**Student:** 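First the structure, which I've put down as structure tokens, then a few questions once you've had a look.
Computed over heavy atoms, backbone and side chain alike; hydrogens, waters and symmetry mates excluded. Values in this document were obtained by computation on a predicted structure and should not be read as measured data.
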Amino acid sequence: MEQGTNRRKFLNYLLGTTAGATLIAIFYPIIKFLIPPQVTEAIQNSVVAAKVNELVTNSGKIFKFGNRPGLLIHTPTGEMRAFSAICTHLDCVVQYQPETKGIGCACHNGRYDLNGQNISGPPPRPLEEYVVNVRGDDIIVSKG
């Protein structure tokens, strides 16, 4: 009887650890996906986004602002505008769309106007706006 009890305990132990390992293998990636990692943002208040002659009227350019992308737009009226290029819905990268004279997110068809205001689609809030200054041939973008 002692050998049967030991064998049963051993099999129960194997089944228990196998079930536990299987549950961990299933739920660990799900939890890691749902809880994004902490990303330390580089402290950068201004950056040279482009040269003045790089951007023609009614065009846009993605530039690097710290460790995040930014969007510099030369509007059809000749004004320079800059925003965070991260969509406020699901962190996709937005782009300037010259044919609609607006900003669009291809992930879920979110739309923003040239003031960064969300006008259609799922984005819940406007884009973060940056300050644009022209110094010589450089277009300097900085946080407000």
Side-chain angles (χ1 to χ4, degrees), residues 5-144:
T5 305
N6 286 339
R7 186 177 292 162
R8 183 172 299 218
K9 284 181 182 179
F10 178 70
L11 287 175
N12 284 337
Y13 172 76
L14 279 180
L15 286 173
T17 55
T18 303
T22 302
L23 289 174
I24 289 171
I26 291 171
F27 288 110
Y28 179 76
I30 293 171
I31 291 169
K32 291 302 279 182
F33 176 76
L34 292 175
I35 302 171
Q38 292 287 334
V39 177
T40 57
E41 188 171 335
I43 299 172
Q44 191 166 12
N45 290 328
S46 65
V47 66
V48 176
K51 298 288 184 187
V52 173
N53 59 1
E54 275 184 63
L55 236 56
V56 297
T57 304
N58 196 29
S59 67
K61 177 187 177 191
I62 301 286
F63 65 93
K64 190 169 176 134
F65 198 115
N67 61 354
R68 307 212 34 143
L71 176 63
L72 178 64
I73 300 170
H74 193 175
T75 66
T77 59
E79 185 181 5
M80 294 283 190
R81 309 290 311 255
F83 303 96
S84 168
I86 301 295
C87 180
T88 58
H89 177 228
L90 287 177
D91 292 344
C92 297
V93 176
V94 298
Q95 295 183 357
Y96 179 67
Q97 298 172 333
E99 61 281 352
T100 62
K101 295 177 179 62
I103 302 167
C105 178
C107 291
H108 297 103
N109 205 23
R111 302 271 179 238
Y112 300 89
D113 64 13
L114 290 180
N115 295 317
Q117 297 296 315
N118 46 328
I119 54 175
S120 72
R125 60 188 176 282
L127 293 171
E128 180 183 358
E129 188 170 5
Y130 299 140
V131 177
V132 179
N133 293 307
V134 178
R135 292 188 195 131
D137 287 342
D138 293 334
I139 300 172
I140 310 291
V141 175
S142 56
K143 289 192 176 182

**Student:** Take Ile139 and Val132 through the side chain to side chain contact (heavy atoms under 4.5 Å, CB included) test and state the conclusion after the steps.
**Tutor:** CA-CA 7 Å; Ile139 300 172; Val132 179; 3.7 Å; yes

**Student:** Taking all heavy atoms of Leu72 and all of Ala82, pick out the closest pair and write down the distance.
**Tutor:** CD1-CB, 4.1 Å

**Student:** A side-chain contact here means heavy atoms from C-beta on lying under 4.5 Å apart; do Phe83 and Glu128 qualify?
**Tutor:** no

**Student:** Applying side chain to side chain contact (heavy atoms under 4.5 Å, CB included), name anything that partners Pro69, two or more places apart in sequence or on another chain.
**Tutor:**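 Expected list: Ile62, Ala85, Ile86, Val93.
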
**Student:** Quick check on Asp137: does its CG atom have over 12 non-hydrogen neighbours (other residues, nucleotides or ligands) under 6.0 Å away?
**Tutor:** no

**Student:** Under the side chain to side chain contact (heavy atoms under 4.5 Å, CB included) criterion, do Thr75 and Arg81 qualify, and how do the steps go?
**Tutor:** CA-CA 7 Å; Thr75 66; Arg81 309 290 311 255; 3.7 Å; yes

**Student:** What closest approach, in Å, do Ser46 and Ile140 show between heavy atoms, and which atom pair accounts for it?
**Tutor:** CB-CG2, 4.1 Å

**Student:** Determine the minimum heavy-atom distance between Asp113 and Asn115, stating which atoms define it.
**Tutor:**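 Residues Asp113 and Asn115, closest heavy atoms: OD1-N, 2.9 Å.
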
**Student:** Nearest heavy-atom pair of Val94 and Tyr112: which atoms, and what distance?
**Tutor:**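 It is CG1-CE1, 4.0 Å.
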
**Student:** Would the pair Cys105 and Cys92 meet an SG-SG distance criterion of under 2.5 Å?
**Tutor:**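 Cys105 does not pair with Cys92 as a disulfide (SG atoms not under 2.5 Å apart), so no.
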
**Student:** Would you check if Tyr96 and His74 make a side-chain contact, meaning some heavy-atom pair closer than 4.5 Å?
**Tutor:**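 A side-chain contact is absent here, since even the closest heavy-atom pair is not under 4.5 Å.
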
**Student:** What is the distance from atom CD1 of Ile30 to atom CD1 of Ile35, rounded to the nearest 0.5 Å?
**Tutor:** 12.0 Å

**Student:** In terms of ring plane angle, is the pair His89 and His108 parallel, tilted or perpendicular, where the classes change at 30° and 60°?
**Tutor:**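 Perpendicular.
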
**Student:** How long is the gap from OG1 on Thr18 to CG on Leu23, to the nearest 0.5 Å?
**Tutor:**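 Going from OG1 on Thr18 over to CG on Leu23, the span is 11.0 Å.
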
**Student:** Sort and list the pairs that fulfil salt bridge (Lys or Arg N to Asp or Glu O under 4.0 Å) and have at least one residue in residues 86-108, not counting sequence neighbours.
**Tutor:** none

**Student:** Which pair of heavy atoms, one from Pro123 and one from Gly121, lies closest together, and at what distance?
**Tutor:** CD-C, 3.2 Å

**Student:** Is any side-chain heavy atom of Leu55 closer than 4.5 Å to one of Met80?
**Tutor:** yes

**Student:** Could you state the interatomic distance from CZ (Phe27) to OG1 (Thr22), rounded to the nearest 0.5 Å?
**Tutor:** 11.0 Å

**Student:** Minimum heavy-atom separation for Ala49 to Val141, with atom names?
**Tutor:** CB-CG2, 3.6 Å

**Student:** Measure the shortest side-chain to side-chain distance between Ile103 and Ile73 over non-hydrogen atoms and say whether it is less than 4.5 angstrom.
**Tutor:** yes

